[in-house]
Amino acid sequence: MRVLSVVSELYPFVKTGGLADVAGALPPALRGHGIDMRSLLPAYPSVVARTGWGEVVHHWPDYYGGEARLRRLEAEGHRLFLLDAPHLYDRPGGPYTDPAGVDHPDNWRRFAALSRAGADLARGLIFDFRPDIVHAHDWQTALAAAFVHYDGTPSASVVTVHNLAFQGQFDAGIFPALGLPPDAFSIHGVEYYGGVGFLKAGLKLATGITAVSPTYAEEIRTPEGGMGLAGLLSDRVDDLCGIVNGIDAAAWDPASDPHLPARFTADDRPARQVNRRALEARFGLDADDAPIFSVVSRLTWQKGIDLLAETADHLVGLGAKLAVLGSGDPGLEHAFREAATRHPGRIGTVIGYDEPLAHLLQGGADAILIPSRFEPCGLTQLYGLRYGSVPVVARVGGLADTVIDANHAALVAGVATGIQFSPVDVPALRKAIRRAVHLYHSPGIWTRLRREGMKADVSWDHSAADYAALYRDLLDRSRR
Ligand code: ADP
């Protein structure tokens, strides 16, 4: 089976978030299931610098306002198509923003063009790769499903929701430039609250829809989680499923992690102790046996970091320590710098993005705190499980699906892997931290939690099998 993943970012070539990780991990994971997945992404300068240009397989004299080429190449195990349209992608900044962090005003055109190219491949643009399935991701490429639909192409399409908070809503005035038939501007197509909705269109018209965890697939059908799309998603409940993300098991392996002073397998206390001391030194924490809670996160409202800022004094009062690595909202950055000043030796803060330090926190802390208000899937709890850093998480989205709460029954059965709390507010977070500190001091229990977590399968194996089964199902349905 041939699948084309149409995507705006793909690790290791270009990444702003978890979407890139999924797009990068799926093609190799699907190979074992007999699926030939190739990826189409923009020829951003940073991507081309790494991959080279490849061969031109199609040329458009005028494509969404300029000359464009479709290029094909293989790089680092990925079979790629690059949409080379200099007027759209050859500019400084990130995939979506200028160097000052401001969204490009023509993002609608940039991603409509990418989506159109995906649908063109589906209708046979090049003779030797016509995909059976077009897999689009988030608002940036959701329109590919709409194009496939209006083209009447036999391919099936699937749209994955990585984060419903970003929907690609634009003024109705852009509609004529999208290249869709006039009747697509309707409630059954791209029209969304009087404007154009890219994600809305994809969710309406794709053969299938996935969200990045089963709980998130439910949450996005509720008024709070649906962000305006709950009704549409509820209508499509039979076509919607949740599949959790896995982790890059090579990059995140405590047995071979080059960022750890001491590598370890299973619950190797002496090695973790070495990492713990390194962590304490790096964050200016006292070297003692008090439990260390860590945070590796964007410092934002979504991540519930404001709740944690309010809980920090309480955490220290319980005798615990806190190491925070993150960047984001300036007010929250300030709050944690202040907390570190207020509690020297007990709270340490590093503001910034630091990949090696994120590994040290997972390999040296006792627990990782994730009080997110919503979390489509989440990766840091999965790293925590693999590294024996017990996740203490809000019971939302993928956090609810991947951590088994240490309630009485789960402890007795020996299956608990972490702590969940709900609702997502300060009292519940405090209580969760209290529970964690209590379990930490209960002989044997913390070790068991850690061991069970480290046994959990957080690889892509299961999820790739789920995607493969979904593709087969979609193909059957589209042929019927
Ligand atoms: P999201 O994509 O919403 O930010 P995820 O949990 O899915 O949340 O993924 C976050 C990723 O970013 C993880 O790989 C995490 O380790 C990493 N990360 C977040 N903040 C930092 C930071 N300050 N330094 C290093 N890595 C970070």
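Just so it is clear, the values below take in all heavy atoms, side chains as well, and ignore hydrogens, waters and symmetry mates. As the structure lists them, so they are numbered: ligands from 1, and atoms in each ligand from 1.
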For ligand 1, find out whether one of its N or O atoms is nearer than 3.5 Å to an N or O atom of [X].
X: R298; result: yes
X: Q302; result: no
X: V296; result: no

Among Q420, R373, E219, find the residue that satisfies the side-chain contact (heavy atoms from CB on, under 4.5 Å) test when tested with V396.
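Output: one option passes, namely E219.
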Lys/Arg-Asp/Glu bridge criterion (N-O < 4.0 Å) met for [X], [Y]:
X: R346; Y: D288; result: yes
X: R450; Y: D366; result: yes
X: D289; Y: R277; result: yes

Under 4.0 Å to a heavy atom of [X] - the qualifying atoms of ligand 1, by number:
X: Y383; result: 13 (C), 14 (O), 16 (O)
X: G378; result: 6 (O), 7 (O)
X: G18; result: 2 (O)
X: T380; result: 6 (O), 13 (C), 15 (C), 16 (O)
X: G326; result: 23 (N)

Without hydrogens or angle criteria, can the side chains of [X] and [Y] be said to hold a donor-acceptor pair below 3.5 Å?
X: T160; Y: H135; answer: yes
X: R272; Y: N275; answer: no
X: D248; Y: Y11; answer: no

What part of S297 sits under 4.0 Å from ligand 1 if we count only heavy atoms: the side chain, the backbone, both or neither?
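Contact part for S297 vs ligand 1: backbone (N, CA, C, O).
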Ligand 1 versus D354: contacting region, heavy-atom distance under 4.0 Å:
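Backbone only.
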Can a non-hydrogen atom of G352 be found less than 4.0 Å from any atom of ligand 1?
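Right, G352 reaches ligand 1.
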Take Y96 and F111 through the test ring pair (Phe, Tyr, Trp, His ring centres under 6.0 Å) and record every step on the way to the result.
CA-CA 10 Å; Y96 318 119; F111 294 109; 5.7 Å; yes
Walk me through whether L229 and I220 qualify under side-chain contact (heavy atoms from CB on, under 4.5 Å).
CA-CA 8 Å; L229 289 165; I220 58 179; over 6 Å; no
For atom 27 (C) of ligand 1, what is the closest protein heavy atom, and at what distance to 0.1 Å?
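Closest protein heavy atom to atom 27 (C) of ligand 1: Y353 CE1, 3.3 Å.
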Which protein non-hydrogen atom lies closest to atom 11 (C) of ligand 1, naming both residue and atom, and how far is it?
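Protein heavy atom at minimum distance: L379 CD1, 4.6 Å.
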Under 4.0 Å from atom 17 (C) of ligand 1, can you find at least one protein heavy atom?
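Within 4.0 Å of atom 17 (C) of ligand 1, protein heavy atoms are found.
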4.0 Å protein heavy-atom contact status of atom 22 (C) of ligand 1, strictly under:
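Flag for atom 22 (C) of ligand 1 set to true, protein heavy atom closer than 4.0 Å.
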Out of Q381, H162, Q362, K303, indicate the one that has the non-hydrogen atom closest to atom 8 (O) of ligand 1.
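Going through Q381, H162, Q362, K303 one by one, K303 has the nearest heavy atom to atom 8 (O) of ligand 1.
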Any chance you could lay out the side-chain contact (heavy atoms from CB on, under 4.5 Å) test for L203 and L164, step after step, and finish with the verdict?
CA-CA 11 Å; L203 297 178; L164 197 71; 4.3 Å; yes
